[in-house]
Amino acid sequence: MRSSTARARFALSLVALSSLALGCGGAPPKQPRTSRPKTSLRATANPKPAAAVSGPALLPSYVIARLDDENAAPYVARRGEDMLVFYDARGRLLTRLCGPEGKPRTAEPIDVGPAAAEIPVATIEAVGDGYVAAWVEGMKSNAAVKMLWLDATGAARGAPVTLAQSADEVSWVEVVAGPSSALVVWEVPRDDHSDVLAAPVTPGKPASPAVVLTHDALGWDLVTTDRGAAIASVVAGAASAQNETEQGRVGRVLYADVDFSGKVSAPVVVNPEATAQHDIIVGRAGGRTLIGWTDVRNIDSSVYVAAVEPGGNIVTPPKRATTPVGEQALVSLVSAGGAGKRALLAWEDLLRSPREGRLIHLAAMDPDGKLGAERATLVFSASGPPDITADGDGFAALTLAPASSGEGPLPKDAPIWPTFVRFGPDLQVRAAEPVRAEVFAASEGIPYLTRGLSCQAGACTTLASSEGTPATLAVVGLPVRQSPWRAPAFRDPAETPPRPLGVTALYDGEHLARVAATERPSGGSLAAWVTYYIEGSGDRDGGKPARKDEPLATVGVRPVSAAGVPGKTQILSRRALSIGGVAIASAPGGKTEESALVWAARDKNEAQVQIAKLGPEGEKLAQKPLTTIARKPSKDGVPSEVSDVAVAYAPPSDPGKSTDDGFIVAWVDTRDGNAEVYAARVDRTLRKVVQDRRITEAPGDSTEVQIAVRGKETFLVWSDARGNPDEGAGDVHVVRLDTRTLQKVGPETRLYASPAHSRSPTIALAGDRVVVAWIEEAAPDAKPEASEAGVRIAILDERGALAGSPRLVRGEEQSAVTSVALACGPSKCRGVLTSVLRDSMILDAFELSPGAPPGPLKALATLTGGANADVSPSFAGREGTSLFFGDDAIGGTGRVRFMTIGWP
């Protein structure tokens, strides 16, 4: 992958989305090759010693040279059993021939000529019976591309040849090696795009004129083929205004062949839509070119691949490479060694990042672009992306990861060291340990920079250098041997349920205040949301009272089919109140499939509850204000508001005869002073058949009411501060109402006397039993091990009485729970909760059978939004397989996500 400028040429989507920084020194990686310095991995400035580890000695190493400083970039190429290192020092260009393990074959380096004061990038590649070195020389306001033929020992065959001089910067150079000739390729950046040129070179002959491989490329990459090279590029679409995204410009994907004489084929359009980011990477498998990129055609970015045969025949059109699990980013696409029947795809799922470090997922890819069943995971630090290359019929990687030994939790103060991993053909880890060598004893054996990972005939090495001036350059061997060090990679086990089967974004825009969902009778779901907006605090009003026509929060609805395919988004209101929330419920039967959507809005500058009837695709069929009272502020000037809406379908009183079904709506209202729970009932035409009925009358505020209808009885549950009105600490209460009249048929009951504050209740029916879950916050003085914080779950029997003591589900490592959702079938409940573990928001799943302890937590995802956010999870349906929640994108916008969950 190359981008349009030298500084951005390794700006993968991973970098743009995850703030990855390339280590100092050297050029960025191009994975299928070993000639250029790949990812430069910088250890901590003063590496911490790891805990004492018994086991193998330091890795074998050989000193190659003394560099001018630690940022000087060496380059390496392999040719059979030989390894040639190319570098500049003290104003000279030098080579050093080594064996396959890195041991020098010559007593001294070979001087091959003078070096310019500035060589920003260079490369070396084995060609024929020798090597070709190429580099860029900075020359005041312009640049020159030069090359030099070297023999098998690394000695110069003649003088350097100038291939091109440019008045512009040249940001990249590489060599495409053929049996007896080569192509020298370079990049000239121009603003946000670049031109890529190449010059054919043959020993003993003058270099041919340069040809243009691609023009105005946002990003590009090429790979060696039997006939020359295959190049893929990202170019802007016809309408440049449509090519802008939060991650930068995107474009179409083109493919072309170039032979060793410099003849370039007409470009073939691989991806006609302008949806590809510039992080394009190409590899080879089975004689075909595999093209990978990060694609933004959907709300969440995802990794796409295509397969092309020589001549430009597209055998696999662009397709999503992996199951969607939120935002994804391409990391690498590596051609395999051996028979070359497969490649390796590396990507990151940004919703499944670990709590320590980051994770890259690895999978083999066949010539059709299909991923194999075997998967592996590699840990890396945000301070440098990993280096991955072919290792025989397997793969090798060099990564920055926490270094420790043994099993159990990773020590919090584990040092971040460069560590190698060697994978077998089945992606099992064959060897792994930190890069430690005697030559770097002054820094615990850890080099300052590592780069140039390469493998040949079972031997893998990396270049490593010390910090300082001069810097010691060494080749460090990476053998397969037993080690007590914790491997920063593992072969993925068969994932046990519950597990996410896919995550899709339905909305991208303003941050979310509440998400709700319902299952459609005919299959599929309707998701609804209200965005987060506080009147008087935004840029739109400058702190002034809202105008009658001013946009406030937005209420949106989007259908999802039974196959999980999102439909069209419907906007119901732009005058909503975030504190009102949003609620949705579907009605079975009837001539048409109908649902009721409830929210709060500013109507004539007064807060009122709104209700709309929706069709099967979320389209609005009718809308009415549910409340129409004239609202007056309190004696203290506090305005009368509504909040926390809820809705549930109310079946007919006599299913065999009557058609008086409809919907019950509950909300919190301050019309009488305190925040109290109110309820009303409408029929299917939205006509109000039971007027606003005040349910609670007690000191202290009531909040967060929820509804469950069980035939002729309706249960309301809410958090109530009547026991501590001054401090506002609430307990969860429940009351039974007559479904038809909304009259109370039993007293209001407190479900649990909380030591701190109980909030965010949710309610579901498990057969004839009612299950209520809510969040218990920690008491201010409670010790973590004795805290009752978590999710408390209570079960009410057929008569509405408590059936045993409420159970407690704690967050991972007693982490603070921020939200909870519950779905129940006749005999089992399924739930999810989010909690803040250190700086991450974790989404966990659990199961519960009434009468039995809740099952253990199973992590589903690490969310990308900020900690302590209420992501408002909501199940659609009683099976708990369709979950909707709000989360922030990496770019900072709010997103509604749809997760399908596979349960046992």
Side-chain angles (χ1 to χ4, degrees), residues 504 506 515-529 555-570 572 582-599 611-623 645-665 681-687 689 706-715 739-740 762-768 821-830 874-884 896 898-901 903:
T504 303
L506 303 179
V515 176
T518 186
E519 185 177 41
R520 297 188 301 186
S522 61
S525 309
L526 282 177
W529 61 89
V555 173
V557 178
R558 192 169 187 183
V560 177
S561 71
V565 179
K568 182 180 178 181
T569 298
Q570 309 284 344
L572 275 294
V582 67
I584 189 169
S586 293
K591 295 180 179 180
T592 61
E593 187 176 288
E594 297 172 344
S595 301
L597 181 73
V598 181
W599 71 97
I611 185 169
K613 182 168 65 172
L614 308 179
E617 297 301 314
E619 69 276 20
K620 184 171 68 175
L621 305 178
Q623 178 182 337
V645 299
V647 65
Y649 171 70
S653 54
D654 186 349
K657 298 180 181 179
S658 62
T659 58
D660 58 346
D661 61 338
F663 299 93
I664 295 174
V665 182
R681 176 168 171 162
V682 299
D683 62 18
R684 291 181 69 142
T685 69
L686 304 186
R687 180 177 62 91
V689 295
Q706 294 292 301
I707 309 173
V709 177
R710 187 180 68 183
K712 295 182 179 181
E713 290 183 326
T714 293
F715 290 80
T739 298
R740 187 174 63 85
T762 183
I763 187 169
L765 297 179
D768 290 334
L822 196 67
C824 294
S827 60
K828 181 175 289 188
C829 293
R830 292 164 171 170
S874 177
F875 283 114
R878 304 181 67 181
E879 295 299 317
T881 56
S882 297
L883 178 71
F884 298 82
V896 177
F898 164 50
M899 175 185 287
T900 54
I901 304 175
W903 294 89

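These values consider heavy atoms only, across backbone and side chains, with no hydrogens, waters or symmetry-generated copies.
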Any chance you could measure Gln570, atom CD, to Leu526, atom CG, to the nearest 0.5 Å? 9.5 Å

Would you name the heavy atoms of Ala646 and Ala583 that are closest together and state the gap between them? CA-CB, 3.7 Å

Note, Val645 side chain near Val647 side chain (heavy atom, < 4.5 Å): no

Kindly compute the distance separating CG (Asp654) from NZ (Lys712), expressed to the nearest 0.5 Å. 7.5 Å

When you check the gap from the basic side-chain N to the acidic O, do Asp661 and Arg684 get nearer than 4.0 Å? yes

Minimal non-hydrogen separation, Ala764 against Cys824, with atom names: CB-SG, 3.7 Å

Nearest atoms (heavy-atom pairs only) where Gly711 meets Thr739: O-OG1, 3.0 Å

Expected output: side-chain Thr518 to main-chain Ser586 donor-acceptor under 3.5 Å: yes

Give, for atom SG of Cys829 and atom CG of Leu765, the distance between the pair rounded to the nearest 0.5 Å. 9.5 Å

Would Ile901 and Phe875 count as a side-chain contact (heavy atoms from CB on, under 4.5 Å) if you check the C-alpha gap in whole Å, the side-chain angles of each, and the deciding distance to 0.1 Å? CA-CA 10 Å; Ile901 304 175; Phe875 283 114; 4.3 Å; yes

Quick check for you: to the nearest 0.5 Å, what is the distance between Ile584 atom CD1 and Trp529 atom CH2? 10.0 Å

Between Phe663 and Ile707, is there a side-chain heavy-atom distance shorter than 4.5 Å? no

Say whether, by atom type as modelled, one donor and one acceptor occur between the side chain of Arg558 and the main chain of Leu506 under 3.5 angstrom. yes

Hey, could you give me the NZ/CZ distance between Lys828 and Arg878, rounded to the nearest 0.5 Å? 14.5 Å

Closest non-hydrogen atom pair between Pro652 and Tyr649, with its separation: CD-OH, 3.7 Å

Of the non-hydrogen atoms in Ala562 and Gly523, which two are nearest, and what is the gap between them? CB-C, 4.2 Å

May I ask you to test the Val582-Leu597 pair for a side-chain heavy-atom distance under 4.5 Å? yes

Would a 4.5 Å heavy-atom cut-off, applied to side chains only, mark Phe884 and Ser525 as touching? yes

Strictly distance-based, threshold 3.5 Å: is any side-chain N or O of Thr900 a donor or acceptor partner for the main-chain N or O of Ser882? no

Donor-acceptor list for residues 614-622 side chains, cut-off 3.5 Å, not counting sequence neighbours:
{"from": "Glu617", "atom 1": "OE2", "to": "Arg520", "atom 2": "NH1", "distance (Å)": "3.3"}
{"from": "Glu619", "atom 1": "OE1", "to": "Glu617", "atom 2": "N", "distance (Å)": "2.9"}
{"from": "Lys620", "atom 1": "NZ", "to": "Gln623", "atom 2": "OE1", "distance (Å)": "3.0"}

Quick one: CG on Leu883 to CZ on Arg830, what's the gap to the nearest 0.5 Å? 12.5 Å

Side chains of Trp903 and Thr881: does their closest heavy-atom pair fall under 4.5 Å? yes

Would you say the side chain of Arg740 lies within less than 4.5 Å of the side chain of Val689, judging by non-hydrogen atoms? no

